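Given the structure is predicted, the values throughout are model-derived calculations rather than measurements. As the structure lists them, so they are numbered: ligands from 1, and atoms in each ligand from 1.
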Amino acid sequence: MKLTFLSHSDIARRELIAFLRSKGISNEDVLRAMGNIPREAFLDKHFSLRAYEDSALPIGSGQTISQPYTVAFQTQTIAPKKGEKILEIGTGSGYQGAVLAEMGCNVYTIERHVPLLNEARARFDKMGYHSIISRGGDGSVGWAEFAPFDAIIVTAGAPDLPETLLNQLNPNGGRMVIPIGTREVQRMYLIRMEAGKPIVTEFPEFKFVPLVGKQGWQ
Ligand code: SAM
């Protein structure tokens, strides 16, 4: 009989996936991707033991890796499909980008803090996520060169819907998930483009670090 040995990380990840299911995450592709990715690889080693808590954790430059439920919720909301072109605003640790790459998406990600971007790039290289294209700078204005995108995922809280990002969505079926509100608390929104018109769905409250930029907080 072939025995399978599970590490502490494997067990903790299985428990996290069961927790996400219990909270209403039902997209099997999202759960599979998150079940395959060691979240501790996106954290400073001091936080390794907390990698599978459902909490946001510090990643330096005053920023955080989003809590696993938030990553699962935002990803499920845009329902990415294999081969789709997805823009992420706020690379942070790189974890969300890795989840999208693990789902077979072509990921474009932008981070305003260059030290964070460099650390995320090193993780992508080490873990073999070669489909992720990244740049430093203000992502609130999107990435016109590669538009239109099948989906845009904004992982920082915006004061309003950034018009430029909306214009970079595929007009037929493009989706954007974005937290909008005050600096302290935001509601999550899904904007789905149907025949060039945005259809808006509102979700409950979340807490994100601010989207700082031309189409974000000044
Ligand atoms: N998605 C990240 C992850 O998986 O670790 C977590 C993102 S963290 C909650 C939000 C990130 O958005 C921060 O790293 C912050 O520096 C970045 N950010 C804020 N405003 C930005 C902007 N205008 N352009 C690009 N990145 C921005």
> Non-hydrogen atoms of Glu88 versus ligand 1: any pair closer than 4.0 Å?
Replying inline: yes
>> When you measure from the side chain of Asp10 to the backbone of Ser7, do you find a donor-acceptor pair of N or O atoms at a distance under 3.5 Å?
In response: yes
>> For atom 5 (O) of ligand 1, what's the nearest protein heavy-atom neighbour? Residue, atom name and distance, please.
In response: Ser93 OG, 2.6 Å
> Relative to ligand 1, is His113 under 4.0 angstrom through side chain, backbone, both or neither, heavy atoms considered?
Replying inline: side chain
> For ligand 1, is Pro210 a contact, meaning one of its heavy atoms is under 4.0 Å away?
Replying inline: yes
> Considering residues, nucleotides and ligands other than Leu49, do more than 12 of their heavy atoms fall under 6.0 Å from its CG?
Replying inline: no
> Looking at atom 26 (N) of ligand 1, what's its closest protein heavy atom, distance included?
Replying inline: Arg112 N, 3.3 Å
>> Regarding ligand 1, does Gly139 bring an N or O atom to under 3.5 Å of one of the ligand's N or O atoms?
In response: yes
> Can you tell me which residue and heavy atom of the protein come closest to atom 23 (N) of ligand 1, and the distance to 0.1 Å?
Replying inline: Val212 O, 2.7 Å
> Has Ser140 got any heavy atom lying under 4.0 angstrom from an atom of ligand 1?
Replying inline: yes
> Checking side-chain contact (heavy atoms from CB on, under 4.5 Å) for the pair Ser140/Thr164: CA distance, chi angles, key distance, verdict?
Replying inline: CA-CA 8 Å; Ser140 72; Thr164 317; over 6 Å; no
> Should the proximity of Leu116 to ligand 1, defined as any heavy atom under 4.0 Å, be assigned to the side chain, the backbone, both, or neither?
Replying inline: side chain
>> Using a 4.0 Å cut-off to any heavy atom of Gly137, which atoms of ligand 1 qualify?
In response: 24 (N), 25 (C)
> Which atoms of ligand 1 have any heavy atom of Ile65 under 4.0 Å away?
Replying inline: 5 (O)
> Is the centre of the Tyr108 ring less than 6.0 Å from the centre of the Phe149 ring?
Replying inline: yes
>> Looking at Lys81, I'd like to know if its NZ atom is crowded, meaning that more than 12 non-hydrogen atoms belonging to other residues, nucleotides or ligands lie closer than 6.0 Å.
In response: yes
> How many angstroms lie between CZ in Arg32 and CD in Glu102, if you round to the nearest 0.5 Å?
Replying inline: 10.0 Å
> Taking the six-membered ring for Trp, is the centroid-to-centroid distance between Tyr69 and Phe19 below 6.0 Å?
Replying inline: no
> Which atoms of ligand 1 sit under 4.0 Å from any heavy atom of Tyr95?
Replying inline: 4 (O)
> Hey, is Gln63 touching ligand 1 through its side chain, its backbone, both or neither, going by heavy atoms under 4.0 Å?
Replying inline: side chain
> Say you draw a straight line from CG of Leu57 to CD of Gln63; how long is it, rounded to the nearest 0.5 Å?
Replying inline: 14.0 Å
> Do Arg121 and Glu111 sit within salt-bridge range, that is, some charged N less than 4.0 Å from a carboxylate O?
Replying inline: no
>> Could you tell me, atom by atom, which parts of ligand 1 come under 4.0 Å of a heavy atom of Thr64?
In response: 6 (C), 7 (C), 8 (S), 9 (C)
> Is the shortest side-chain N to carboxylate O distance from Glu194 to Lys197 below 4.0 Å?
Replying inline: no
>> Distance under 4.0 Å to a non-hydrogen atom of Gln96: what atoms of ligand 1 satisfy this?
In response: 1 (N), 4 (O)
>> I need the contact type for Val209 against ligand 1. Using non-hydrogen atoms and a strict under-4.0 Å cut-off, is it side chain, backbone, both or neither?
In response: side chain
>> Hydrophobic cluster membership, with links at side-chain heavy-atom distances under 4.5 Å among I/L/V/M/F/W/Y: are Val209 and Met188 in one?
In response: no
> So which protein heavy atom does atom 17 (C) of ligand 1 come closest to, and at what separation?
Replying inline: Glu111 OE1, 3.4 Å
>> Please report whether ligand 1 has a polar contact with Ser66, defined as an N or O pair separated by less than 3.5 Å (distance criterion only).
In response: no
> Measuring from Arg112:CZ to Ile89:CD1, what's the distance to the nearest 0.5 Å?
Replying inline: 13.0 Å
> Relative to atom 2 (C) of ligand 1, which among Ile110, Thr91, Asp138, Leu100 owns the nearest non-hydrogen atom?
Replying inline: Thr91
> Less than 3.5 Å between some nitrogen or oxygen of Gly90 and one of ligand 1, yes or no?
Replying inline: yes
> Got an N/O contact under 3.5 Å between Thr155 and ligand 1?
Replying inline: yes
>> Please check if the number of heavy atoms outside Arg187 that lie under 6.0 Å from its CZ is greater than 12.
In response: yes
